[in-house]
Structures are given as C-alpha cells and as structure tokens.
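The structure under discussion appears below in the form of structure tokens.
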Amino acid sequence: MEIKDPRNHFSKENGALSGEKTSKTIRKLKDMKGFYEDEEAFNKMDPETVLYEVEMHAPVKAGTEGGLFFGTSFLNPGKVGEEFFMTKGHFHEIINRAEYYWGLEGEGVLVFMDEDGNASAEKVCPGSLHFVPGKIAHRLVNTGDTKLAVGACWPADAGHQYGPIAESGFGVRIKEKNGTIIAE
Ligand SMILES: O=P(O)(O)OC[C@H]1O[C@](O)(CO)[C@@H](O)[C@@H]1O
Ligand SMILES: [Fe+2]
C-alpha cells in the first residue's frame, strides 16, 4: 500500500491552512454594525477594516451528521472605542453541538454565554485549550497588539445561529480601560 503525502497542511506556528477543501471567510467592520457599544467610534472607522478571517477545512458537506470541520480564526488587533476586535459570536444551529478552541498565537479572551445570558470568559494564549460545551454561545476577542490565531474543531452539522447574539449580545464586553483589560 502506498503511504501518500498529506493533502492538507496546518502550520504549527500560526495555524495557516493549505490544501484541498479549504476556504476562507473574511469579516469586516461593516459586517458588524450594531455589535459594538460605541456607535460613534464605529462610524468614524473605515468600514472595510478587516476584523478577522477564518480559514476552514471542510472534508465533508455542511450538515453531515458525525462529520467534523477544522478552522483557524485570525483576529487583527484593534478596538472600536474601548472595545477590542471580536468575532460575531454564535450559538450552534443544532444547539447541543460542542466545539474545541485552542490558542495558537497572540493573546485573547474566549467569551461564553448560556441560554439564560450568564456569561463567563477564559484567557486565550498559545497552547491554551478550551472546551465549548453544547448550548453555550462563544465569541473570540483579540486583547493583544498582535494577530490572534485560534484553532477550532466542531461538528459539521453544528451550523451557526447569529440572531440571538445580534439581538442581545453576550451580556459582557471586553474592553481596555486605563491600560487594563476588563470584562463589563
Ligand atoms: O462565526 P463567527 O462567530 O464569526 O466566528 C468565527 C468562526 O469561529 C469558528 O467558531 C471556529 O473557527 C467558526 O465556526 C466561526 O465561523
Ligand atoms: Fe462554533
């Protein structure tokens, strides 16, 4: 039997993905109107500002029961007013689907929220491992001044529910105040 060369690569350093069935999603400031507290600061910024990119490896069709997806989220450093750049955040469509995140590069925070709106947060750093249980919304925040790269693996049938978050947020915002990173 031939031992084949790998068809996909995931760089240990920053998690960059290459190979077949990889795709990239780019999220810009204009895609996140209403997510940040400081509307005035938001409206002064360039709507084309890239907040984050997600490189994904999807070996099976979305929705495949028992399938797994792998992705790396790359968040740029920056703030809207006092609030750090962050992902939209989501519950999964099939709400009980769990997910793993692990820190690759940079400094960040992973914010969790249950269906009752109770929030919690974990620091993200190279090597940190985070289990996101089912029924828990999750959002990544870049609290550093370099790129934050975070790997993730989640069920191919999980899907994303952005509505509840666009509606009522995570109940907590990660900001810099007097040089300190706070959750309020
Ligand atoms: O979909 P969001 O909330 O913008 O988060 C970015 C990405 O982070 C992941 O949870 C893991 O890469 C993806 O499922 C998601 O698209
Ligand atoms: Fe997710």
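Start at 1 with the first residue, then count along the sequence. When a ligand or atom number is given, it counts from 1 through the structure's own listing order. As a basis for the values below, the full set of heavy atoms in this structure was taken, side chains included, without hydrogen atoms, waters or symmetry mates.
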Could you point out which residue of L140, V80, T143, V50 forms a side chain to side chain contact (heavy atoms under 4.5 Å, CB included) with F85? V80
Considering only protein heavy atoms, which is closest to [atom], and at what distance to one decimal place?
atom: atom 1 (O) of ligand 1; value: Y162 OH, 2.5 Å
atom: atom 4 (O) of ligand 1; value: Y52 OH, 2.4 Å
atom: atom 10 (O) of ligand 1; value: Y101 OH, 2.7 Å

Structural part of [X] in contact with ligand 1, heavy atom criterion under 4.0 angstrom:
X: R27; result: side chain
X: W154; result: side chain
X: H160; result: side chain

Can you tell me if T49 and D46 form a side-chain donor-acceptor pair at under 3.5 Å? no
If we ignore angles and hydrogens, is there a donor and acceptor under 3.5 Å between the side chains of H130 and S128? yes
Protein N/O/S count near the Fe ion (ligand 2) (criterion: distance under 2.8 Å): 4
side-chain contact (heavy atoms from CB on, under 4.5 Å) evaluation trace for I136 with F91: CA-CA 6 Å; I136 298 291; F91 282 100; 5.8 Å; no
H90 vs H92 aromatic rings, parallel, tilted or perpendicular, using cut-offs 30° and 60°? tilted
Where does the angle between the aromatic ring planes of H138 and Y101 fall among parallel (under 30°), tilted (30 to 60°) and perpendicular (over 60°)? perpendicular
Minimum heavy-atom distance between P126 and E105, given as atom pair plus value: CG-CA, 4.1 Å
Candidates A158, G71, S73; heavy atom nearest atom 7 (C) of ligand 1 found on S73
At the 4.0 Å heavy-atom cut-off, does F69 count as touching ligand 1? no
Would E99 count as a contact of ligand 1 if the rule is a heavy atom under 4.0 Å away? yes
Residues, nucleotides or ligands: over 12 heavy atoms within 6.0 Å of E167 CD: no
Ion pair check, D114 and K135, cut-off under 4.0 Å: no
Residue that, paired with E83, satisfies salt bridge (charged side-chain N to carboxylate O under 4.0 Å, His left out) out of K177, R139, R173: R173
When you compare ligand 1 with T72, is there at least one nitrogen or oxygen pair between them that comes in under 3.5 angstrom? no
Does ligand 1 come near enough to V54 that some N or O of the ligand is less than 3.5 Å from an N or O of the residue? no
Are W102 and F70 near enough that their ring centres are under 6.0 Å apart? yes
